Amino acid sequence: MSKKNNAVVLLSGGLDSTTTLAIALNLGYAVYALSFDYGQKHRVEIEAAGRIAKQPGIVRHAVMKVDLGSFGGSALTDNLPIPKNRSAIAMSEGIPATYVPARNTVFLSLALAWAEVLGASDIFIGVNALDYSGYPDCRPEYIEAFEKMANLGTKAGTEGVQFKIHTPLIAMTKKEIIEAGLALGVDYGLTATCYDPTISGEACGECDACLLRLKGFAEAGHADPATYRQKASL
C-alpha cells in the first residue's frame with residue numbers, strides 16, 4: 001500500500017485479538033482499534049487493550065460501552081459459574097456457558113458503522129474456529145454471511161465499496177497463533193485472556209481460555225508471560 005488504508009480492528013485485549021492487530025499493522029493498515037465495555041466480569045481485558053493500543057501505527061483506540069450484561073444469559077455477564085478444568089473433548093462439544101448472545105454480531109455491526117464513517121472497507125476480527133469451535137459466531141460461514149450483509153445493508157456498500165471481514169486466525173491452532181504473534185514481535189505479557197481473573201489481573205489457570213492459552217504456549221515451546229494463581233497440569 002503506497003497510502004495506508006484505514007482498517008477497524010476489534011481489540012479485546014486477549015491473545016487472539018492482539019495477534020490479529022499485529023497482523024493488520026504488519027500488512028500496512030492505519031489501524032483504528034475498537035474495544036467494548038459490555039458488562040463482562042473480566043474487565044481487566046479492557047485495561048489490557050488500552051496498554052496494547054499504545055503501540056505505533058494505531059491511529060485511535062475507542063472503547064465503546066454496550067451493556068450486554070443487562071440481558072445476561074452468559075457466564076461472562078451474568079451470575080453464572082465460569083466452567084473450570086474442562087477436558088479438550090468437553091470444550092469441543094456444544095456451546096459453552098461463556099457464549100455471550102449475539103456478541104460478535106453486535107461488535108461487528110458497530111465496527112462496520114465506524115468503518116463506513118472512516119471510509120474504511122477492511123475490518124479485522126480474531127475469531128478462531130479450529131482449537132475451540134463451540135462459538136457459533138466464530139465459524140467461517142457466519143463471517144461470510146455477515147460480510148454479505150455488510151455489503152447489502154450500508155450506504156457505502158450500495159455505492160460500490162466492498163467490505164471485507166478479515167479473519168487471519170480462523171483456521172489456525174493456538175500454537176500457530178502464538179508463533180505468528182511472536183514472529184511479529186507481540187508482547188503477550190500485555191494481554192489478558194482469563195475469564196475469571198483476580199482484581200489485580202492474575203489469571204485463574206483453570207477456565208477454558210486459560211487452558212487453551214497454556215496448551216498453545218506449551219506446544220509452541222515458549223513460556224507464557226501471564227501471571228497465574230495456579231496453572232493446570234497439561
Side-chain angles (χ1 to χ4, degrees), residues 9-22 33-55 58 60-87 90-91 95-104 106-107 110 125-128 131-132 134-135 138 174 177-178 181 186-218 222-234:
V9 179
L10 293 175
L11 178 65
S12 70
L15 186 151
D16 292 346
S17 70
T18 302
T19 306
T20 300
L21 177 74
L34 180 59
S35 304
F36 293 95
D37 178 355
Y38 62 92
Q40 64 269 52
K41 294 176 182 176
H42 55 308
R43 294 177 56 81
V44 294
E45 70 173 6
I46 302 172
E47 298 171 12
R51 295 192 296 268
I52 294 157
K54 291 179 180 177
Q55 61 188 291
I58 298 177
R60 182 183 170 192
H61 177 218
V63 179
M64 181 173 287
K65 188 171 181 61
V66 182
D67 188 12
L68 298 180
S70 63
F71 300 145
S74 168
L76 297 187
T77 60
D78 209 341
N79 189 27
L80 301 170
I82 302 289
K84 298 287 183 73
N85 296 314
R86 298 206 300 159
S87 67
M91 284 191 276
I95 298 174
T98 48
Y99 165 73
V100 180
R103 182 178 64 178
N104 281 349
V106 173
F107 290 178
L110 292 168
I125 182 171
V127 294
N128 175 254
D131 250 347
Y132 194 10
Y135 294 110
C138 289
K174 198 67 70 178
I177 292 168
I178 290 166
V186 171
D187 180 359
Y188 286 117
L190 298 176
T191 64
T193 300
C194 181
Y195 290 150
D196 190 25
T198 63
I199 295 174
S200 62
E202 288 181 320
C204 73
E206 298 176 323
C207 69
D208 292 355
C210 282
L211 293 177
L212 288 168
R213 176 180 173 125
L214 285 164
K215 178 175 177 287
F217 272 102
H222 290 272
D224 184 352
T227 301
Y228 289 86
R229 293 198 300 271
Q230 58 187 355
K231 289 186 181 180
S233 298
L234 299 177

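Values below: every heavy atom of this structure, side chains too, minus hydrogens, waters and symmetry copies. The structure displayed is predicted, hence computed values, not measured ones.
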task = Report the distance from atom CD1 of Ile52 to atom NE2 of His61, rounding to the nearest 0.5 Å.
result = 8.5 Å
task = Dump the intermediate steps for side chain to side chain contact (heavy atoms under 4.5 Å, CB included) on Ile58 and Leu21, then the final yes or no.
result = CA-CA 9 Å; Ile58 298 177; Leu21 177 74; 3.8 Å; yes
message = Restricting to non-hydrogen atoms, name the atom on Leu110 and the atom on Met64 that form the minimum distance, rounded to 0.1 Å.
response = CD1-SD, 3.5 Å
Intermediate values then yes/no, side chain to side chain contact (heavy atoms under 4.5 Å, CB included), Tyr195 and Leu76 = CA-CA 7 Å; Tyr195 290 150; Leu76 297 187; 3.7 Å; yes
query = Using a distance-only test with no angle check, is there a side-chain donor-acceptor pair under 3.5 angstrom linking Arg213 and Thr191?
reply = yes
request  = Can you measure from CG (Asp196) to OG1 (Thr98) and round to the nearest 0.5 angstrom?
outcome  = 11.5 Å
key: Non-hydrogen side-chain atoms of Glu202 and Pro197 separated by less than 4.5 Å   = no
inquiry  = Less than 4.5 Å apart, side chain to side chain, heavy atoms only: is that true for Arg103 and Ser74?
reply    = no
key: Side-chain heavy atoms of Phe71 within contact of Pro101, under 4.5 Å   = no
inquiry  = Rounded to the nearest 0.5 Å, what separates atom NE2 in His42 from atom CD1 in Ile82?
reply    = 8.0 Å
inquiry  = Checking Phe107 against Val100 for the side chain to side chain contact (heavy atoms under 4.5 Å, CB included) test, could you report, in this order, the C-alpha distance in whole Å, the side-chain angles of both residues, the deciding distance, and whether it holds?
reply    = CA-CA 11 Å; Phe107 290 178; Val100 180; over 6 Å; no
query = Taking atom CG of Leu211 and atom CD of Glu206, what is their separation to the nearest 0.5 Å?
reply = 8.0 Å
ask   = For the atom pair CD1 (Ile178) and NE2 (His222), what is the distance rounded to the nearest 0.5 Å?
value = 9.0 Å
inquiry  = Quick check: closest heavy atoms across Tyr188 and Pro225, and the distance to 0.1 Å?
reply    = C-CG, 3.6 Å
query = Between the side chain of Asp78 and the main-chain N/O of Leu80, is any donor-acceptor distance below 3.5 Å?
reply = no
key: Contact summary for Thr198 and Arg229, nearest pair of heavy atoms   = CG2-NH1, 3.0 Å
Atom NZ of Lys54 with >12 non-hydrogen neighbours under 6.0 angstrom = no
Salt bridge (charged side-chain N to carboxylate O under 4.0 Å, His left out) contacts touching residues 39-49 (sequence neighbours left out) = Asp37-Arg43
query = Ser35 and Leu11: which non-hydrogen atoms are nearest, and at how many Å?
reply = OG-O, 2.5 Å
inquiry  = Tell me whether Asn79 at atom CG has more than 12 heavy atoms from other residues, nucleotides or ligands lying less than 6.0 Å away.
reply    = no
query = Does Gly181 offer a backbone N or O that forms a donor-acceptor pair with the side chain of Thr19 under 3.5 Å?
reply = no
request  = Taking all heavy atoms of Pro81 and all of Ala75, pick out the closest pair and write down the distance.
outcome  = O-CB, 3.5 Å
task = Looking only at non-hydrogen atoms, find the nearest pair between Thr193 and Ala209 and report the distance.
result = O-CB, 3.4 Å
query = What distance separates Leu10 CG from Phe36 CZ, expressed to the nearest 0.5 Å?
reply = 6.0 Å
